[in-house]
Amino acid sequence: MSESIARLRFAPSPTGLLHIGGLRTALYNYLLARQLGGAFVLRIEDTDQKRFVEGAEADIFRSLQWAGISIDEGPQEGGPHGPYRQSERRDVYREHAEMLVAKGAAYYAFDTEEEIELMRARYREAGIESAGYGVRTRGEMRNSLTLPVDEVESLLSQEVPHVVRLKVPAGRTVQLSDLIRGDVSFESDVIDDQVLMKSDGLPTYHLAVVVDDHLMNITHVVRGEDWLSSTPKHLLLYEAFGWTAPKMAHLPLILSPSGGKLSKRNAEKMGIPVTVRQYVEAGYEPDALVNFLALLGWHPADDRELFSMDDLIRAFDINRVGLAGVQFDLDKLNWFNQQHLRSLTDSELASLGRPFVEEKGYEVSDAALESVAALLKERITFARELADVTYLFADPAAFDAKGVKKRWSIEAAERLTWLEAHLSSLSNEQWTASTIHDEAEKALLARDVPLGKVMPVFRLALTGETSGPELFPLIEYLGRDTVVRRLRNAPALIGTSPE
RNA sequence: GCCGCGUUCGUCUAGGGGUUUAGGACGCCGCCCUUUCACGGCGGUAACACGGGUUCAAAUCCCGUACGCGGUACCA
């Protein structure tokens with residue numbers, strides 16, 4: 001047994017599209033696994049038939065892949081500890097539950113839902129808000145602890161619906177050393193006799209997670225804080241089996257900007273995407289999302305903020321994960337997206353933008369699109385914005401009304417004709433940003449007009465806009481023919497433009 | 001209700017007894033750069049939940065209160 005090899009897992013339930021919080025949990029597990037040179041395992045926790053959603057599993061696979069989180073063992077990859085879908089491991093859980101019953105650490109319970117509810121109602125009347133099925137109450141219930149042995153035998157042989165419950169020891173303090181939170185302890189008397197096997201023959205999460213984590217040699221369990229309260233049950237299970245529990249780390253939860261839980265409804269109201277799918281569709285770059293998510297709750301020893309996945313693997317430190325819930329801030333995510341776009345080469349940016357450009361029906365060569373990327377790189381937040389600057393692909397049909405009002409005049413039109421005449425005579429070799437600049441200046445200076453005086457109209461005539469990328473590189477990109485044509489057409493188009 | 005976990009600028013956070021006039025980033029505002037916009041640079045705005053202790057000294061340690069979050073299922 002090679003105990004020294006770290007093994008971490010992400011164990012989502014296929015109950016819907018992968019949640020952004022789930023992706024963060026997966027990421028932290030992945031980072032630690034890679035950093036420790038260990039394995040990253042994906043396990044599908046589909047023990048609740050009622051909540052199963054068709055297609056959810058496929059969404060988990062593609063979302064992780066999109067984010068750049070590679071899986072070593074899982075339903076698709078296989079591996080020595082499979083199957084990696086809990087629904088395919090029923091017998092394993094049944095056997096383990098029976099082991100516990102045989103050891104006296106668990107027992108059969110035959111109570112119906114109504115009977116349990118009756119018990120709770122009794123306690124409620126007596127002023128006890130929520131009496132659990134546990135140390136204090138199991139003696140009053142119908143189970144293999146209270147019923148005569150032969151009756152239990154007969155109920156079992158008649159296949160009367162029943163569950164298997166954990167027999168929580170009385171009067172114990174269960175200690176947990178959390179990697180993030182330090183020591184946390186719980187009194188066993190307030191821990192429920194958790195159902196381990198449901199009457200449908202499937203295990204509950206609690207049994208399955210312990211059995212699988214052990215059988216799959218998981219060394220570190222990194223999961224959301226919402227699991228902290230049930231961890232003592234898991235610890236008691238490890239103890240009952242005689243197994244060593246893995247190291248535990250409970251991550252702070254992601255909160256909505258309004259402070260509450262980042263639920264689907266809540267988040268959608270605030271315009272925040274909740275599922276990974278929505279982030280993909282909104283045009284976020286996987287690297288940016290990963291970077292943002294890593295910093296949502298974790299902070300490096302220095303003040304660095306921009307990390308690639310490899311950087312993260314190197315720098316990540318579970319001890320530096322914060323304790324408090326974190327609010328989601330879309331502005332910051334957008335900033336990360338912008339930063340990541342800027343770190344790309346022109347050619348990489350161009351490929352990211354190409355689908356959007358083609359979607360709008362423009363045909364552009366790779367070289368031209370690279371120029372577009374260079375022109376726009378420092379002024380976009382999303383790759384799709386490459387396609388939004390339509391005058392880079394087609395002559396402007398409309399002209400900014402305020403700009404026209406401010407800049408357009410007979411005099412301005414005349415100056416443009418001087419530019420047109422001069423620029424049209426330039427050779428291909430002369431068609432570079434700096435030469436065009438010098439020649440334009442020359443043409444205007446001959447009539448005693450400074451270039452700066454004309455640049456705003458020049459831009460307006462060429463693009464229809466009053467602002468945008470640097471003018472001369474833009475002109476170089478547009479090319480002589482286009483520039484001359486647009487200059488020539490502008491007066492008529494602007495003249496007929498509505499005010 | 002009970003159990004558990006939290007609480008530093010609006011947000012993500014650094015700091016974990018004296019180095020702090022509490023630092024960085026996002027956002028916001030201003031100035032500079034740029035004959036546009038953006039980028040960039042500079043500057044500004046803005047926080048230790050509250051109350052008790054411990055100590056020469058507390059944002060930092062302890063207790064309490066408040067507030068927030070999670071759990072309290074034959075859901076995960």
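Computed from a prediction, not measured in an experiment: that's the story for all the values here. Chain naming here is simple, since letters A, B, ... match the order of the sequence lines and numbering starts at 1 in each. The figures that follow rest on heavy atoms only: side chains count, while hydrogens, waters and symmetry mates do not.
Residue A:D346 holds its CG atom at 8.0 Å from OG of A:S371, rounded to the nearest 0.5 Å. Atoms CG and NE2, on A:D287 and A:H340 in that order, are 6.0 Å from each other to the nearest 0.5 Å.
The nucleotide B:rA58 finds no pairing partner, because no Watson-Crick or G-U wobble arrangement with both distances shorter than 3.5 Å includes it. Judged by Watson-Crick or G-U wobble contacts below 3.5 Å, the nucleotide B:rC75 has no partner. For B:rG43, the paired base is B:rC29 (Watson-Crick or G-U wobble, both distances below 3.5 Å). A 3.5 Å limit on both hydrogen-bonding distances identifies B:rC69 as the Watson-Crick or G-U partner of B:rG4.
Per the geometry, CZ belonging to A:F458 stands 16 Å off P belonging to B:rU36, to the nearest Å. What separates CG of A:L253 from P of B:rG4 is a distance of 18 Å, to the nearest Å. Summarising the geometry, the separation between CD on A:E225 and C1' on B:rC3 is reported as 13 Å, rounded to the nearest angstrom. Straight-line distance from the CD atom of A:E305 to the P atom of B:rC26: 7 Å, rounded to whole Å. Distance CZ (A:F292) to P (B:rG27): 12 Å, rounded to an integer number of Å. Spacing between atom NE2 of A:H437 and atom P of B:rU36 amounts to 12 Å, rounded to whole angstrom units. If you take NE2 of A:H206 and C1' of B:rC75, they are 8 Å apart, rounded to a whole angstrom. A straight line from CG of A:L207 to C1' of B:rC75 spans 15 Å, rounded to a whole angstrom.
A pairwise comparison of heavy atoms in A:M119 and A:G132 identifies CE-O, 3.8 Å as the closest pair.
A:D192 comes within contact range of the sugar-phosphate backbone alone, with a heavy-atom separation under 4.0 Å but no base atom that close. Contact annotation for A:G132: no contact, since no heavy-atom pair falls under 4.0 Å across all strands. Across all strands, A:T15 comes closer than 4.0 Å to no nucleic acid atom at all (heavy-atom distances). Residue-level contact check: A:S467 touches the bases, meaning some heavy atom is under 4.0 Å from a base atom. Within 4.0 Å of A:F186, counting heavy atoms only, lie sugar-phosphate atoms of the nucleic acid but no base atom. Within the 4.0 angstrom heavy-atom criterion, no nucleotide atom of any strand lies near A:R124. Contact annotation for A:I191: no contact, since no heavy-atom pair falls under 4.0 Å across all strands. Counting non-hydrogen atoms under 4.0 angstrom, A:D189 reaches nothing in the nucleic acid. Within the 4.0 angstrom heavy-atom criterion, base atoms lie near A:P469. At a threshold of 4.0 angstrom between heavy atoms, the contacts of A:V163 include nucleobase atoms, whether or not backbone atoms are also involved. Looking at heavy-atom distances under 4.0 Å, A:K50 makes contact with sugar-phosphate atoms alone, never a base. Within the 4.0 angstrom heavy-atom criterion, base atoms lie near A:R51. Nucleic acid contact for A:E465: none, since no nucleic acid atom lies under 4.0 Å from a heavy atom of the residue. Residue-level contact check: A:G224 touches neither bases nor backbone, having no heavy atom under 4.0 Å from any strand.
A:E439 places no side-chain N or O within donor-acceptor distance of the main-chain N or O of A:I436, the cut-off being under 3.5 Å. When atom types are taken as modelled, the side chain of A:N291 and the backbone of A:F307 share a donor-acceptor pair closer than 3.5 angstrom.
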Step-by-step salt bridge (Lys or Arg N to Asp or Glu O under 4.0 Å) determination, A:R43 to A:D213: CA-CA 10 Å; A:R43 188 175 67 224; A:D213 281 343; 2.9 Å; yes

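Comparing the same atom, C1', in B:rA38 and in B:rA46 gives a spacing of 27 Å after rounding to whole Å. As rounded to the nearest Å, B:rC56 and B:rC67 have P atoms that lie 35 Å from one another. Rounded to a whole angstrom, the distance from the P atom of B:rU35 to that of B:rU20 is 42 Å. Between B:rU8 and B:rA49, the distance separating the two P atoms is 6 Å to the nearest Å. With C1' as the reference atom, B:rG16 and B:rG10 are 25 Å apart, rounded to whole Å. Atom name P, nucleotides B:rA22 and B:rC29: the rounded distance is 26 Å, in whole Å. B:rC75 and B:rG15 have their P atoms separated by 42 Å, given to the nearest Å. Across the P atoms, B:rA58 and B:rG68 are found 30 Å apart, a figure rounded to whole Å.
Residue A:R120 places no side-chain N or O under 4.0 Å from the OP1 or OP2 atom of B:rU72. The shortest distance between the side-chain N/O atoms of A:K332 and the OP1/OP2 oxygens of B:rG10 is not below 4.0 Å. Listed pair A:R223 / B:rA76 fails the phosphate criterion, with no side-chain N or O lying under 4.0 Å from OP1 or OP2. For A:K233 and B:rG71, the shortest distance from a side-chain N or O to OP1 or OP2 is not below 4.0 Å. In this model, the phosphate group of B:rG6 is not approached by any side-chain N or O of A:R181 to a distance below 4.0 Å at OP1 or OP2.
Ring geometry, A:F292 versus A:F328: the interplanar angle exceeds 60°, so the pair is classed perpendicular (tilted spans 30 to 60°).
You won't find any donor-acceptor pair under 3.5 Å spanning the side chain of A:S230 and the base of B:rG71, going by distance alone.
A side chain to side chain contact (heavy atoms under 4.5 Å, CB included) with A:Y205 holds for exactly one of A:Q194, A:Q86, A:H234; it is A:H234.
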